[in-house]
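The structure appears right after this line, and notes come after that.
Count residues from 1 along the sequence. Just so it is clear, the structure is predicted and the values come from calculations on it, not from any experiment.
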Amino acid sequence: MLSKAGCPKTMLSIKDAIEAIEGKWKVLILFALSEKPKRFRQIAREVNGITDKTLSKELKSLEANKLIKREVYDSFPPAVEYSITPHGRSLEKVLDELHFWGLLHRRKVIGK
């Protein structure tokens with residue numbers, strides 16, 4: 001547990017972390033990219049329910065926060081691939097813990 005939960009620096013760091021991965025899509029996008037780099041369509045298929053407009057916006061935000069990298073290949077038509085950066089990979093433990101907590105939460109609340 002955090003030693004100084006009320007400390008302004010602690011609150012600021014938690015706020016920064018939440019802002020980097022806030023919303024219902026960013027964590028799912030990161031999870032989709034955790035296996036290997038993917039193209040836009042591949043991500044859209046894996047992140048069920050996201051619109052193209054929202055996916056585009058979320059990818060730009062993740063890129064701005066240096067959690068993913070966008071690479072454009074010189075081909076015809078141009079190919080664009082997204083991958084997790086080392087900084088994004090640093091969230092791996094957080095994503096794992098969120099996954100395990102989600103399983104427990106689902107069992108507790110839904111009973112499945």
Side-chain angles (χ1 to χ4, degrees):
M1 197 48 125
L2 298 172
S3 59
K4 297 181 180 179
C7 175
K9 282 186 179 181
T10 301
M11 296 297 273
L12 181 59
S13 64
I14 291 172
K15 180 179 177 265
D16 289 345
I18 289 170
E19 285 178 4
I21 60 170
E22 73 180 328
K24 73 182 205 180
W25 301 114
K26 288 186 184 92
V27 171
L28 296 172
I29 293 166
L30 288 169
F31 186 74
L33 290 171
S34 65
E35 185 183 315
K36 63 181 183 177
K38 295 184 174 125
R39 290 183 173 187
F40 187 92
R41 278 285 133 233
Q42 292 171 297
I43 301 166
R45 276 193 300 274
E46 286 188 30
V47 181
N48 193 25
I50 194 168
T51 64
D52 287 354
K53 181 179 178 181
T54 300
L55 177 55
S56 180
K57 181 177 90 58
E58 298 292 42
L59 288 168
K60 286 176 185 170
S61 175
L62 288 166
E63 188 179 12
N65 280 291
K66 302 190 185 317
L67 298 174
I68 66 167
K69 176 177 74 169
R70 179 181 185 268
E71 194 162 350
V72 180
Y73 294 97
D74 189 20
S75 62
F76 186 80
V80 178
E81 194 172 72
Y82 297 90
S83 60
I84 293 184
T85 63
H87 183 54
R89 288 231 177 262
S90 71
L91 282 167
E92 189 171 9
K93 287 181 185 177
V94 174
L95 295 176
D96 285 345
E97 289 301 320
L98 192 57
H99 164 69
F100 294 127
W101 185 86
L103 292 172
L104 292 172
H105 177 67
R106 177 173 281 277
R107 263 188 247 128
K108 184 147 186 100
V109 174
I110 300 174
K112 293 182 181 179

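Contacts classified as salt bridge (charged side-chain N to carboxylate O under 4.0 Å, His left out) and involving residues 59-68 (residues at least two apart or in different chains) are not found. Within the structure, the salt bridge (charged side-chain N to carboxylate O under 4.0 Å, His left out) test picks out the following pairs touching residues 16-27 (sequence neighbours left out): Lys15-Glu19, Lys26-Glu58. Within the structure, the salt bridge (charged side-chain N to carboxylate O under 4.0 Å, His left out) test picks out no pair touching residues 72-86 (sequence neighbours left out).
Here the CZ-OG1 distance, from Arg70 to Thr85, works out to 15.5 Å after rounding to the nearest 0.5 Å. We find the CG-CG distance between Leu91 and Leu98 to be 10.5 Å, quoted to the nearest 0.5 Å. The OG1 atom of Thr54 sits 6.0 Å away from the NZ atom of Lys57 when rounded to the nearest 0.5 Å. Going from atom CH2 of Trp25 over to atom CG of Leu59 covers 12.5 Å, rounded to the nearest 0.5 Å.
Transitive grouping of hydrophobic side chains (ILVMFWY, heavy atoms separated by less than 4.5 Å) keeps Ile14 and Val94 in distinct clusters. One hydrophobic cluster, built from ILVMFWY side chains closer than 4.5 Å, cannot hold both Val27 and Leu103; they sit in different ones. Each of Ile21 and Met11 belongs to its own hydrophobic cluster when Ile, Leu, Val, Met, Phe, Trp and Tyr are linked at side-chain heavy-atom distances under 4.5 angstrom.
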Which pairs of donor and acceptor atoms, one on a side chain in residues 29-37, lie under 3.5 Å apart (sequence neighbours left out)?
from	atom 1	to	atom 2	distance (Å)
Ser34	OG	Phe31	O	2.6

Return a table of donor-acceptor pairs under 3.5 angstrom between the side chains of residues 40-48 and protein atoms on other chains or two or more places apart.
from	atom 1	to	atom 2	distance (Å)
Arg41	NH1	Asp52	OD1	3.4
Arg41	NH2	Asp52	OD1	3.1
Arg41	NH2	Asp52	OD2	2.5
Gln42	OE1	Arg39	N	2.6
Glu46	OE1	Lys38	NZ	3.3
Glu46	OE2	Lys38	NZ	3.1

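The backbone N or O of His87 lies less than 3.5 Å from a partner atom in the side chain of Ser90, making a donor-acceptor pair.
Every residue meeting the ring-ring contact (aromatic ring centres under 6.0 Å, His included) condition with His105, not counting sequence neighbours, appears here in chain and number order: Trp101.
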